[in-house]
Amino acid sequence: MDEGMKPYYAFRRVMLVMALLVMMVISIYQYSWSLFAFALARELKWSLATLGLTFTVFAYSATFIQPFSGYVADTFGPRKVSVLAAVLVGLGFLLCSRATTPLEMHVFYGVGSLGVGILYGISTASAIKWFPEKRGFATGLVVFGFGAGTALFNWVIQQSLDLHGFRPTFLYLGLFMLVALVPTAFFYKYPHRHR
């Protein structure tokens with residue numbers, strides 16, 4: 001291996017691990033929602049049909065932001081976009097801890113969902129751009145994190161919901177997301193040939 005290439009290969013491995021960790025954390029929005037929905041229905045007596053709209057807002061927000069955010073990240077670099085997205089993810093849960101109406105819950109969850117969509121797209125793009133010779137493996141590993149986060153976090157979230165209720169759980173998770181995602185987002189950059 002060329003000595004000059006060692007930092008490149010070392011950094012891209014770090015980048016892949018960071019993207020995997022980001023995906024594990026943001027997966028909470030999608031794969032833990034049902035835990036929150038049942039807790040909200042129990043504590044606030046909101047119907048599951050009403051709460052289902054929150055997940056619909058998540059799906060649309062996280063999906064339709066990706067092409068726009070990908071264009072912005074390609075144009076200006078992924079770091080600034082990723083840091084903003086990380087703040088949105090944490091802020092969404094912090095705001096959800098204060099929600100008093102279904103509309104507030106829809107809007108606040110939607111705010112965080114925008115961040116989830118941005119980070120999902122940039123994490124996947126980073127894997128592809130840093131591992132052009134192993135795109136399938138790198139992308140598969142990063143996307144694996146989105147499912148693996150569920151196995152790691154859901155039992156803790158359920159315990160917190162049972163012991164503390166949904167407000168403290170949203171609050172603690174929002175703070176955790178900020179602490180975990182914002183510093184990690186600073187690692188995001190694309191190889192020079194990809195601007």
Side-chain angles (χ1 to χ4, degrees), residues 19-44 46-74 78 81-128 139-158 161 166-167 169-171 173-174 176-178 180-181 184-185 188:
L20 174 68
L21 294 174
V22 166
M23 293 288 264
M24 290 177 76
V25 173
I26 66 173
S27 72
I28 293 170
Y29 266 84
Q30 179 164 339
Y31 294 123
S32 304
W33 170 247
S34 62
L35 304 179
F36 285 103
F38 285 113
L40 286 160
R42 183 174 62 245
E43 293 181 46
L44 298 180
W46 295 348
S47 73
L48 289 177
T50 299
L51 289 164
L53 183 56
T54 304
F55 191 80
T56 302
V57 170
F58 160 79
Y60 280 105
S61 300
T63 302
F64 287 104
I65 192 67
Q66 289 186 30
F68 173 73
S69 65
Y71 171 78
V72 173
D74 281 343
V81 182
S82 297
V83 170
L84 172 63
V87 171
L88 289 176
V89 170
L91 182 63
F93 265 37
L94 293 177
L95 291 171
C96 285
S97 75
R98 311 280 303 194
T100 57
T101 67
L103 178 59
E104 288 179 348
M105 184 61 68
H106 303 332
V107 171
F108 298 157
Y109 212 80
V111 167
S113 302
L114 291 172
V116 169
I118 293 167
L119 287 173
Y120 189 102
I122 291 176
S123 297
T124 308
S126 294
I128 292 169
T139 306
L141 186 63
V142 169
V143 174
F144 161 78
F146 201 70
T150 307
L152 184 63
F153 295 121
N154 270 7
W155 68 273
V156 177
I157 293 170
Q158 187 62 64
L161 288 168
F166 78 90
R167 290 191 193 282
T169 303
F170 269 129
L171 177 65
L173 281 172
F176 164 72
M177 288 170 171
L178 288 173
L181 295 176
T184 306
Y188 278 102

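When a residue number appears, it is its place in the shown sequence, counting from 1.
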Ignoring hydrogens, what is the shortest heavy-atom contact between Val143 and Met23? Give both atom names and the distance. CA-CE, 4.1 Å
Show your reasoning for whether side chain to side chain contact (heavy atoms under 4.5 Å, CB included) applies to Leu21 and Val25. CA-CA 6 Å; Leu21 294 174; Val25 173; 5.8 Å; no
How far does NE2 of His106 sit from OG of Ser61, to the nearest 0.5 angstrom? 12.0 Å
Going by heavy atoms in the side chains, are Ile28 and Phe93 under 4.5 Å from each other? yes
Please tell me if the side chains of Phe108 and Phe170 come closer than 4.5 Å, counting only heavy atoms from C-beta onward. no
Between atom CZ of Phe36 and atom CD1 of Ile157, what is the distance when rounded to the nearest 0.5 Å? 5.0 Å
What heavy-atom pair brings Ala86 and Leu178 nearest, and what distance separates the two atoms? O-CD2, 4.0 Å
Taking atom types as modelled, find out whether Ser123 and Tyr188 have a side-chain donor-acceptor pair closer than 3.5 angstrom. yes
Ring centre gap for Tyr29 and Tyr120 strictly below 6.0 Å: no
Just so I know, are the side chains of Leu88 and Leu119 near enough to count as touching, which here means a heavy-atom distance under 4.5 Å? no
Counting C-beta onward and ignoring hydrogens, is there a side-chain heavy-atom pair between Gln30 and Val116 closer than 4.5 Å? no
Could you state the interatomic distance from CG (Leu141) to CG (Leu20), rounded to the nearest 0.5 Å? 5.0 Å
Heavy-atom closest contact (Gly149 atom, Ser27 atom, distance): CA-OG, 3.6 Å
Do Thr169 and Leu173 have side chains that get closer than 4.5 Å, going by heavy atoms? yes
Supply the atom-to-atom distance Tyr109 OH to Thr54 OG1, rounded to the nearest 0.5 angstrom. 8.5 Å
At their closest point, which heavy atom of Leu51 faces which heavy atom of Ala37, and how far apart are they? CD1-O, 3.2 Å
Side-chain donor/acceptor of Arg167 to backbone N/O of Ala99, under 3.5 Å: yes
Between Val72 and Ile118, does a side chain to side chain contact (heavy atoms under 4.5 Å, CB included) hold up when you go through it step by step? CA-CA 10 Å; Val72 173; Ile118 293 167; over 6 Å; no
Rounded to the nearest 0.5 Å, what separation is found between the CG atom of Leu40 and the CH2 atom of Trp46? 6.0 Å
Compare every heavy atom of Thr124 with every heavy atom of Val142, then report the nearest pair and how far apart it is. CG1-N, 4.3 Å
Hey, what's the ring geometry for Phe55 with Phe58, parallel, tilted or perpendicular (30° and 60° as the breaks)? tilted
Show the nearest heavy-atom pair for residues Gly110 and Val57, with the distance to one decimal. CA-CG1, 3.7 Å
Step by step, would you call Phe38 with Leu48 a side chain to side chain contact (heavy atoms under 4.5 Å, CB included)? CA-CA 8 Å; Phe38 285 113; Leu48 289 177; 3.7 Å; yes
Flag if over 12 foreign heavy atoms under 6.0 Å of CZ, Arg42: yes
How long is the span from the CD atom in Glu104 to the CG atom in Leu95, to the nearest 0.5 Å? 9.5 Å
